[in-house]
Structure formats: C-alpha cells, structure tokens
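This report refers to the structure that appears directly beneath it.
The model shown is predicted, which means the values in this text are computed figures rather than measured ones. All residue numbers refer to positions in the sequence shown, counting from 1.
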Amino acid sequence: MSELLAPAGNPEALDAAIGEGADAVYLGLKSFNARLRSSNFSWREFEGAVSALHKQNKKIYVTVNTVSEESEIERLYRFLSYLNKIGPDGLIVQDFGVVRMCQEFFPNLELHGSTQMNVESAAGVNLLAKEGLQRVVVARELGLEEIRKIKAETKTELEIFVHGALCVSESGLCLFSSFLGGKSANRGMCTQACRRFYTADKGGVEEQGYYFSPSDLQLIEHIPSLMEIGVESFKIEGRMKSAEYVGSVVAAYRYLMDHWQEDRKGAVAAAKRMLATDFARSKTTYWYNFKTNEEGVENAGDAILNPKQAGGTGIYLGVIDKIQAADDEAKRRAQEAAGEDADPESYQIVMASLKGGSYDPDPGDSIRLHKKDDTGRVSHKIRSLRTDENGTRWIDIPTGFSRGDAVYLLQTKSMSKRYNRVLPKDLSPFKAQPGAEKLPVLDLTPVKKDELSYFPEGLYFQVSTIADMYAVLSQHPVRVILELNFETKKDLLAHKTLPFSKKQVIISLDPYCPAALEDELSAQLDSFIADGYTTFVANNTAHLAMLRAKGANIIGGPYLYTFNRWAVSWLENQNVGAFITPVENSFANLKATFEKNVRSRVMVTAYAYPTLFRMRFRLPKSYDFTYFSDKEGMEFKVNATSDGSFVMPEAPFSIVDKTELLDHEGFKRVLIDFSKTAVSKGELKMIKTAMVKKQAVPESSRFNWKDGFYNPEKIEEYKAAAERAAEKQRAGGKSFGKRGGQRRSGGSSRSGYSPRRPKR
C-alpha cells in the first residue's frame, strides 16, 4: 500500500494531516531546510511530535534539504547528532555532504534524496541507493511513463509529488532568487521571483504578464495508475499552507487511495469534488499526459503557464487600505494561537482594513498576503475582527505589510475542522537540543603526480556550438568545454571536424537527465569515448553512474553543488577528480572549502551568463519575445530550444579582474563560460582587457562572490553593530563614517544593471 505523505508546516497542519488520515508527515526545524520561511517546529515540539506519532504508528520525516557552507558544517554535524538521538523515520536531504557525514557518523539515520537533488532517472536513483539512501523523491518534471520506467529499473523506494505548487525551473537547478539578492533556493530562501510580474519586449511593443508563474500540480486522476506501478509514497506540497488546506487535500487523496479499487471512476470524481475548496492556482497534470520527451518539450509549456494567472494564490480579497495598532485582546489571541513555545516574532500583528474585494473575511478564515513589490508572501489565519463606528472592518494581519499589498482567501472558517491535538499538552519532558560536539577534521585527497593531466592549469572556455569553438581559438585556451545539446550532439555523432584535438575537448553534460533520455545518453557517451573523447563534466548523479562505469575522466560540474568539503569528499568517492565550483559560491567559502594543497582540483568560473532557471519545455508560441524586464528595470533574456527554455541575465557575471588574485590563492584554472551565448570578437577583447588591466567589466554582476549568501543572522549582527555605533555617537557626540554591511535590497541595487543587449 502506498504511503500518503503530508506537509506539516506548523502544529495545526500536523493535526489536520493526521486527523484526515495521512500515513506520514514531513516537517522542518529552524535550520537546514528548504522552507525557512514557514513556521517550522521548535525543538520541544519536534521531539513531542516524534513521540506522539510513533505511538500512533505514523511516520515523521525531517527536511534537511539545503546546501551548507563550510562555516556551517560543525553546526550541521551537531544537528545531525541531535536527530540521531531523537529518531525520526527519515531525513530528506539535498547536500552530498549530509550523505557523507551520515555515512561516517550516523549510519542509523535513514536518508531520502530530496527533489532538490535533481534525480529523474533510474541511473541516478540506483547510484544513491548504492550510497545507502532508502528512498528518492524524484523530480517533478517527469511523466507517468518515465515514473514507470524508473520503478521498473530500481528496487529503491520512490516518492513523488502529487499535489501543490510547482517550480517552473527543473528541480534543484534554480539560481534566480540567489542571483537577485543572495536568497538561494538551495538554501531554503527562495523569494519565488519566477512568480513576479514581468514586461516582455515584443519587437518594440511592451506586454506585461506573469510569464513564469506556473499552475499548481494536481494528479488525483493518476493516483490509481501510480499505485499500480508500485510508487511507495505520494507527497503533498505545502509546508507554507494553512491547516485547512492540508486537511482538505489529505482527505481527498486518502479517500481515493482507499476506494479506487471498488469504483475507480466514481472514487476519482468524488475526490475531485473534495478538492473543489482548494482556492489555489489553476491546476495542471504537467508532464503526465505526454508519451514522449519530444511531445512534452513542445506542449508542456501550454499545460503549466498562463501569463494572465497572477502569482498569487486563492480568491482575491483586495488590497490593504489602512493599518493601525492591534489592541491587547487581539495580541492575546494571536499569542495563544501561536503556542507557548512560539518565537515572539511569529505572532506580532497589526489590524488592517481591505478594499477592492468581493468577500469580507472572518475570524477562522485563512488568508495569504503578498507584498506589492513581490518581496514577500505569508499565510495567516485571522483571529480577530473589529468593526469601527464608520462600519470599517478591521482584521489582524502579520506585521511587515503595508498599504497596497494584496490579500487572497485560502480557506474559509466553514471549511475548517477541529482536529485532535497530536502534540502532547505537556512538552516539558522534551528537553533535547543540539549539543556542542566537535566535528572531526576531514582532509580532502591530495593530488597525486600526473593524476590531473587532463586538467592542466590555465584558461578554459565553454561554448555551445562548434562555430564558437572556432571563435575562441584565438584565445589559446588550454582546454575548451563543449556543451552537449541538441545541436552539438548531432555534430559530434556525425564526426564533424573540430578546431581542437579531442584531448583538448571536454564535453559538458546537461544537468537535467530525465528517464526518457537516459538510455540514449548512455549510448551516446559510449560513442564519444570510442571516438577518443576522454573527459566529461558531470552535472547529475546519473552522469556519475554512467561515466564511472565507462572509465572516463570526471569533472564535477557546478550543478553538483560543492559548498563544503564533505560534499567534495562524497564526490571524490564517486571517482570525481576535479571540480568546477558553483557559480553562486562566494570567494570566502571557496577558500574555506578547498585548502591550498587541493586547489589544483578546482576550476573557478570568472565570466558567464548564468542560467538563472531552466524549463523542461519550449515556451508557448504566444511567448514571442527574447527579452523581458522586472519592475526595477533589470533585463533578462530567454532562449527556447529543443532542449527546453533557459532564462539568463542580460548582463554577465564577471570576476575576470580577479584572476591574478585567484592565481595567487592557488586557483590556477579559470573558466570563461559562453554557454547558450554567442561569442563575439568584441566581447573577447573586452574580457582580455579587463584581465590584463584588472578592471571590472562594465555593468557586470558579482553575483554572491563578495557578499556570499543572504544571511539573516549576519544582517541582525550588522543592525546591532549599527545601533551600538549610533548609541555611542549619541553618547559621545562624535561623528562616525558609514560602515557597509551586506546589501540585500533587491536586484538592481545589487548588480547595477543598465540596458544592454547580449549578442544572441
């Protein structure tokens, strides 16, 4: 019998999930999980939940599905040690470093590969199974036949998303939010920039829309087929959703799973009626109705995208018209609802009046608030209502919102149920917290003599066409990396003449490796190796499995995230000898991860138009534009191909003026990456000049190179330091100069873009 797995973003949602018959729940704690903006559980609540659910023979999984920087590794070790003591039924993980650490110290912790791990083929699933993972949450961009194929070729448990919000990007490969302000999706900080309102340039005519805000997934009619295939776990997305939402969705899927064998058609119809109160976005089955990869690539865009669909969720209630302070009674209700162990920030409220909607929300209704500049979205259950002498209705909302912000209805009170409380009333017996254990030192493998002959020092270029290989010939790169795509694949298989010897050519594999294409890719790799190509850039766990078996030289690409040495060590164990650091990495973390004696294993990208998000489909025909911009005027370009669609910034990421510094620090392999961008003589000249003169490329971005990822703790430290300085100034009457901190106010202030068209 398949498991029904529900989200528990807070104790109320936990009650609803279990009350409606979920077999298991997944939840996050206060760190190392991909929904840091959800309420999450305190230490006491989590320990109490594990105890209570195990008494009911229910399972509980913990999300540890973010990547960790080197400076966080000891804290991660302590966190894993704590989880090992408490004993959840599984950890949902993304970082290879977590896998490596659990292999070494916590072998009793059951590991499940997160969808953020970007696994969509039997080859990838089976490699992780050999590394000890019991279950894999496969990518959401797969069809029914692909799931069937994977299930037929693996004995490992599969978990699939069946309902809830979708990412428009291929799983685990989105850099958009990170690029705009350091809030990385790989760090649980995604700001859902894809759902924003954009202006498209259609041949000089501007047209606006929510071009990249996808519909929500709903696979209710496919559940019987998936159960027949033998999928072990059906997952509902929604750790940031209300308890009412969780309860109603769980109830529908529970009903169908229990009754489809009696009356398949009738059970599906009844379950669909139960989902009618899901006031979320329009629904899609996404890839599930397509038989072939080609059919999906051509048609999935129409199935998932609608530019007129607002990025919001639910029924529109209007915008905030006025705000005033909450009275003591409203504050008391908010605190009481949050629970005694809640963080005080979680129940700070104000009162607001709305205008522009057609429904007046009441206490008990669940709403979602969206900031008008798209920088924040929060779900909230109304606890208090007051009507003043003018007849104006005031409801409580979280602090941080202002006039003009939009409000949507998620669930009405009439849809609510009272569920039995899962958590014990008395949480005082549960006192465990992460301790102060010291993490043993891990040394990466020293480089042996002649081990990296395929990875010499010097300047590398990556290109997407053979024509561009000729264009970079004049720069005399020590190696050229050729992206394997629909065009270069044909050229290589046809033995087209190249301007470099095969020894000088490295083939870079696409980070998305779906089940529909894995057998074809494996056969193509055999052909390339037989033809004399020996070195490849792997960007997916499936690539590791294929290339290891073929005896090729493997370079770990930027999508095999190496943000800490434990992740590097795990990849070393997969026969990966060299690494291209992730483009969203920082210089400080790069140096911390790789000590000087192993930096000859590392290549650093110094110039690129990074792919901010990747879509496994061509954009709909109505998307007849290449360039689009956001509200701040930052410009982007979209490239639609037979391999899918790719969004890139209009201006490049560049640290080419820092190449001498990199060399001094021992990073002597530098990459100029023109993936999906045509090479021009003018741009090559500009890059060379910037290198020689140590000058920044005009209008370029540093990405996270200097500031690193957005870090709320550091922001608070900067604020506290600024307050102390201000207090000292007031006390002493002295003048102090401004001190810079992490600047995280949004895209344009961070990267300084101005209009500039790329060459392609």
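Using modelled atom types, one finds a donor on one side chain and an acceptor on the other under 3.5 Å when comparing S379 with R368. Donor-acceptor pairing under 3.5 Å is lacking for the side chains of N306 and R281. Defined by atom type and a distance below 3.5 Å, a donor-acceptor pair is missing between the side-chain atoms of S629 and T199. Residues Q103 and E131 have side chains that bring a donor and an acceptor to within less than 3.5 angstrom of each other. When only modelled atom types and interatomic distance are considered, N564 and D95 share a side-chain donor-acceptor pair under 3.5 Å. A side-chain N or O of S171 and one of E141 form a donor-acceptor pair less than 3.5 Å apart.
Screening Y627, F613, F197, F625 against Y211 for a ring pair (Phe, Tyr, Trp, His ring centres under 6.0 Å) leaves a single residue, F625. Test T115, N65, N186 against Q94 for side chain to side chain donor-acceptor pair (under 3.5 Å) and you get one pass: N186. Of the listed residues (Y623, Y210, F212), just one forms a ring pair (Phe, Tyr, Trp, His ring centres under 6.0 Å) with F628, and that residue is F212.
A salt bridge is defined here as a Lys NZ or Arg NE, NH1 or NH2 lying under 4.0 Å from an Asp or Glu carboxylate O, and R140 with E120 fails to meet this definition. Ion pair D405/K371 not flagged as a salt bridge, since none of the NZ, NE, NH1 or NH2 atoms sits closer than 4.0 Å to an Asp/Glu carboxylate oxygen. Salt-bridge check for R702 with E584: failed, with every basic side-chain N at 4.0 Å or more from each acidic carboxylate O. Salt bridge annotation for R565-E70: present, with a cationic side-chain nitrogen under 4.0 angstrom from a carboxylate oxygen.
With sequence neighbours left out, E483 forms a side-chain hydrogen bond (donor to acceptor under 3.5 Å, both in side chains) with S464, N485, K676. Shown here are the side-chain hydrogen bond (donor to acceptor under 3.5 Å, both in side chains) partners of E170, two or more places apart in sequence or in another chain: R614.
A donor-acceptor pair under 3.5 Å links the side-chain atoms of T284 to the main chain of A303, judged by distance alone. Although no hydrogens or angles enter the test, the distance criterion places no donor-acceptor pair under 3.5 Å between the side chain of N704 and the main chain of S586. The main-chain N or O of V647 is never found under 3.5 Å from a side-chain atom of N639 such that the two would form a donor-acceptor pair. Remark: the backbone N or O of Y607 is not paired with any side-chain donor or acceptor of T605 at under 3.5 angstrom. Judged by distance alone, the side chain of S177 and the main-chain N or O of K183 form a donor-acceptor pair under 3.5 Å. Between the side chain of S645 and the main chain of L619, a donor-acceptor pair closer than 3.5 Å is present. No donor-acceptor distance shorter than 3.5 angstrom exists from the side chain of D510 to the backbone of L484, with no hydrogens or angles considered. A donor-acceptor contact shorter than 3.5 Å links the side chain of T63 to the backbone of L27.
Distance check, rounded to the nearest 0.5 Å: OG of S114 to OH of Y61 gives 14.5 Å. Annotation: the span from F176 atom CZ to S169 atom OG amounts to 10.5 Å, rounded to 0.5 Å. For the atom pair C194 SG and M615 CE, the distance stands at 9.5 Å (nearest 0.5 Å). Separation of atoms CZ (F563) and CZ (R187) is listed at 8.0 Å; rounding is to 0.5 Å. A distance of 10.5 Å separates CZ of F234 from CG of L158, quoted to the nearest 0.5 Å.
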Intermediate values then yes/no, ring pair (Phe, Tyr, Trp, His ring centres under 6.0 Å), F703 and F179: CA-CA 6 Å; F703 209 159; F179 185 80; 5.0 Å; yes
Steps toward ring pair (Phe, Tyr, Trp, His ring centres under 6.0 Å) verdict (Y77, F79): CA-CA 5 Å; Y77 172 71; F79 181 56; over 10 Å; no
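Contact record, P610 with V583: CB-CG1, 4.2 Å, taken as the closest heavy-atom pair. For the pair F41 and A8, the tightest heavy-atom approach, listed with the atom from each and the gap, is CE1-O, 3.2 Å. The shortest non-hydrogen separation linking T156 to Q134 is CG2-O, 3.5 Å. Of all heavy-atom pairs between S642 and V297, the closest is O-CG1, 3.7 Å.
The aromatic rings of Y82 and F46 sit tilted, their planes meeting at an angle between 30° and 60°. Ring orientation note: the planes of Y245 and H163 are tilted relative to one another, at an angle of 30° to 60°.
The cationic atom of K637 (NZ for Lys, CZ for Arg) lies less than 6.0 Å from the six-membered ring centre of Y609 and within 45° of the ring axis.
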